Amino acid sequence: MSFPLLTATAALPAIGAIVTAAVPAARRTAAKWLALLFSLATLVLAGVALARFEPGGARYQLTESHAWIKDFGVRYELGVDGIGVALMALTALLIPFVILAGWHDADPLETKSSRWRPTQGFFALILMVEAMVILSFEATDVFLFYILFEAMLIPMYFLIGGFGDRAHAGSDENAAAQRSYAAVKFLLYNLVGGLIMLAAVIGLYVVAGTFSLSEIAEARANGSLSMATSTERWLFLGFFFAFAVKAPLWPLHTWLPNAMGEATSPVAVLITAVVDKVGTFAMLRFCLQLFPEASKWATPVILVLALISIVYGALLAVGQRDIKRLIAYASISHFGFIILGIFAMTSQGQSGATLYMVNHGISTAALMLVAGFLITRRGSRLIADYGGVQKVAPVLAGTFLIGGLATLSLPGLSPFVSEFLVLVGTFSAYPAAGIVATTGIVLAALYVLVLYQRTMTGPVKAGVQGMADLKARELVVVLPLIALLIFLGVYPKPLTEIVNPAVQHTMSDVQKKDPQPEVEAAK
């Protein structure tokens, strides 16, 4: 039997979580290094999977299949297409940076409203989230995916509610209450979505008699699976609702600003750059593949919701006074672009959406982690408390600027390629939607440049004087992310070659072809 590479890639961080949690309380530094080593080993395995993946080969590769719950037809089935393997690699890439950035975020802290912060637990939870997210990108059994989709909420709940932002470190009990509120809101929103999805998962099994994506696809191909139109639409809505909450899509987005604002900056990156990608990924893998007719039926409404997310998120980002909440609302706008690209039902749009998932993860990680370093130094998330940072910490200000420019999709940085493809794909199928979406580009330039101007330029404020520049550990976190933003912005071909065949498979599932340009006949 061949080596189970996909299982190993997901199992390694899970084992690392157990080992890290078991380290004695007094050996905090050892626990950190163990977590980092396990995350780096996972990155190596993900790199091997990426190298072994053949873009022109079978749709799902590196497959594994074993009986699990025979009485209910549940199997342990894994496989990755180009989209799954790209997002798996993104997750494995970001976790070491998350761990390094949060190196001191769970150190013991004694204040009037704070107890011992269990360092081992913090890093173990991060690794457990990594394991579940990676496995969710690999799962080709619907029930297995559902279990992972829900289980990852548990460690995220404790990371949000148990480890608060250092900007609140010396505040009163209200800070703990805000963290608890954000964690509970995150959990409730996603649990409600998950419960609705569970009903749809059961309904799918009743109709199809299996949870296996490959078996369902085969049954559709040979005509042995017939699904009534109304049934397919109801099942689609059950799946899509859960994914829209996770994504998050307006109006199901309200948990995200609270969660990102109250969590530590590395955990905020974990939320929006890693966990939320499961929602948009699942729209491609499950909604479009399992329910092609219903996906086309719901497209007009979903496009409207995506456009609202783009404009609404950007407008609220412009008006924010809190740095982290600004980045959170910017992410809502970006997820609107991703969903717009998915449901434009064009190859350019879906390729752009997939690239957007990867590039948004890198750019948001860069911006949020630098913002976290800034907030840790000043002890405040409020934009008004900053000014003149570039005069005392020029490297910090420079990296913050590059992260911000990537967020507004500046040409030459990787998010530009994604946004351009999404807009091209949308314009070709829905010109009016493409025009509305471009307003998000203008608003992004506004909120990013105003944020930089208010925090980094102007006279040096009293609380900023003497602020230290980025240290070696922080540079190790930020510089590779910036290098990736530039490399993939100049040369995106390695990524597009991986995802484009998977996009063509998805287009075939929904039986859509790219609109042909209208050319007037020569007179």
Side-chain angles (χ1 to χ4, degrees), residues 244 247-251 253 256 272 276 280 283 299-320 326-364 367 401-453 485 488-490 492 496 503 512 514-518:
L249 178 68
W250 184 92
H253 68 284
L256 183 65
T272 190
D276 286 356
T280 47
M283 292 179 188
T299 288
V301 174
I302 295 173
L303 291 180
V304 171
L305 295 178
L307 291 173
I308 294 174
S309 289
I310 291 170
V311 178
Y312 171 86
L315 283 173
L316 264 66
V318 171
Q320 287 302 305
L326 185 152
I327 298 173
Y329 280 109
S331 290
I332 291 170
S333 181
H334 295 149
F335 275 104
F337 274 106
I338 294 171
I339 296 170
L340 182 70
I342 292 172
F343 284 90
M345 301 287 187
T346 61
S347 59
Q348 299 98 330
Q350 292 190 355
S351 293
T354 303
L355 293 179
Y356 218 131
M357 292 186 224
V358 176
N359 293 327
H360 172 264
I362 300 170
S363 62
T364 299
L367 182 60
L401 177 61
I402 295 174
L405 293 176
T407 298
L408 63 81
S409 299
L410 182 77
L413 298 174
S414 59
F416 169 76
V417 180
S418 316
E419 202 162 275
F420 179 78
L421 285 174
V422 167
L423 290 175
V424 167
T426 304
F427 268 113
S428 65
Y430 303 95
I435 293 171
V436 175
T438 55
T439 60
I441 301 175
V442 178
L443 292 171
L446 181 61
Y447 62 68
V448 168
L449 296 178
V450 168
L451 171 64
Y452 184 84
Q453 179 190 37
L485 289 173
L488 292 176
V490 175
T496 57
V503 167
K512 295 284 286 188
D514 292 329
Q516 296 299 314
E518 296 181 4

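Small disclaimer: the values here were computed from a predicted structure and weren't measured.
- In plain terms, the two heavy atoms of P248 and I332 that are nearest each other are CG-CG1, 4.4 Å.
- Atom CG of residue L256 and atom CD1 of residue I327 lie 11.5 Å apart, to the nearest 0.5 angstrom.
- Without hydrogens or angle criteria, S414 side chain to G489 main chain gives no donor-acceptor distance under 3.5 Å.
- For the pair T280 and A247, the tightest heavy-atom approach, listed with the atom from each and the gap, is CG2-CB, 4.1 Å.
- Taking both residues in full, the closest heavy atoms of S409 and E419 are given as OG-OE1, 3.1 Å, listed atom of the first, atom of the second, then distance.
- How far NE2 of H360 is from CD1 of I338: 6.0 Å, rounded to the nearest 0.5 Å.
- Expressed to the nearest 0.5 Å, how far CD1 of I362 lies from CG of L413 amounts to 11.0 Å.
- Atom CG in L355 sits 12.0 Å away from atom CD in Q348 (nearest 0.5 Å).
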Quiz item: For F337 and L423, what are the C-alpha separation, side-chain angles and deciding distance, and is it a side chain to side chain contact (heavy atoms under 4.5 Å, CB included)?
Solution: CA-CA 8 Å; F337 274 106; L423 290 175; 4.0 Å; yes
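- Nearest heavy-atom pair, V422 versus A353, reported as atom, atom and distance to 0.1 Å: CG2-N, 3.6 Å.
- Side-chain contact between F416 and P492: absent, with no pair of heavy atoms (C-beta onward) separated by less than 4.5 Å.
- The minimum heavy-atom distance between S428 and T346, with the atom names listed, is OG-CG2, 3.8 Å.
- Interatomic distance, N359 CG to L488 CG, rounded to the nearest 0.5 Å: 6.0 Å.
- No donor-acceptor pair closer than 3.5 Å links the side chain of S309 to the backbone N or O of G336.
- In plain terms, the two heavy atoms of I342 and M357 that are nearest each other are CD1-CE, 4.3 Å.
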Under 3.5 Å, which donor-acceptor pairs link side chains of residues 429-444 to any protein atom two or more places apart or in another chain?
{"from": "T438", "atom 1": "OG1", "to": "I435", "atom 2": "O", "distance (Å)": "2.4"}
{"from": "T439", "atom 1": "OG1", "to": "V436", "atom 2": "O", "distance (Å)": "2.5"}

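- Annotation: side chain of Y447 is not in contact with side chain of L451 (no heavy-atom distance under 4.5 Å).
- In summary, the aromatic rings of F335 and H253 are positioned with their centroids too far apart to meet the 6.0 Å limit.
- Between the side chains of T272 and T364, no donor-acceptor pair of N or O atoms lies under 3.5 Å.
- Atom CZ of F343 and atom CG of L303 lie 8.5 Å apart (nearest 0.5 Å).
- Residue-environment remark: OH (Y312) exceeds the threshold of 12 foreign heavy atoms within 6.0 Å.
- Judged by distance alone, with hydrogens and angles left aside, the side-chain atoms of H334 form a donor-acceptor pair with the main-chain N or O of T407 at under 3.5 Å.
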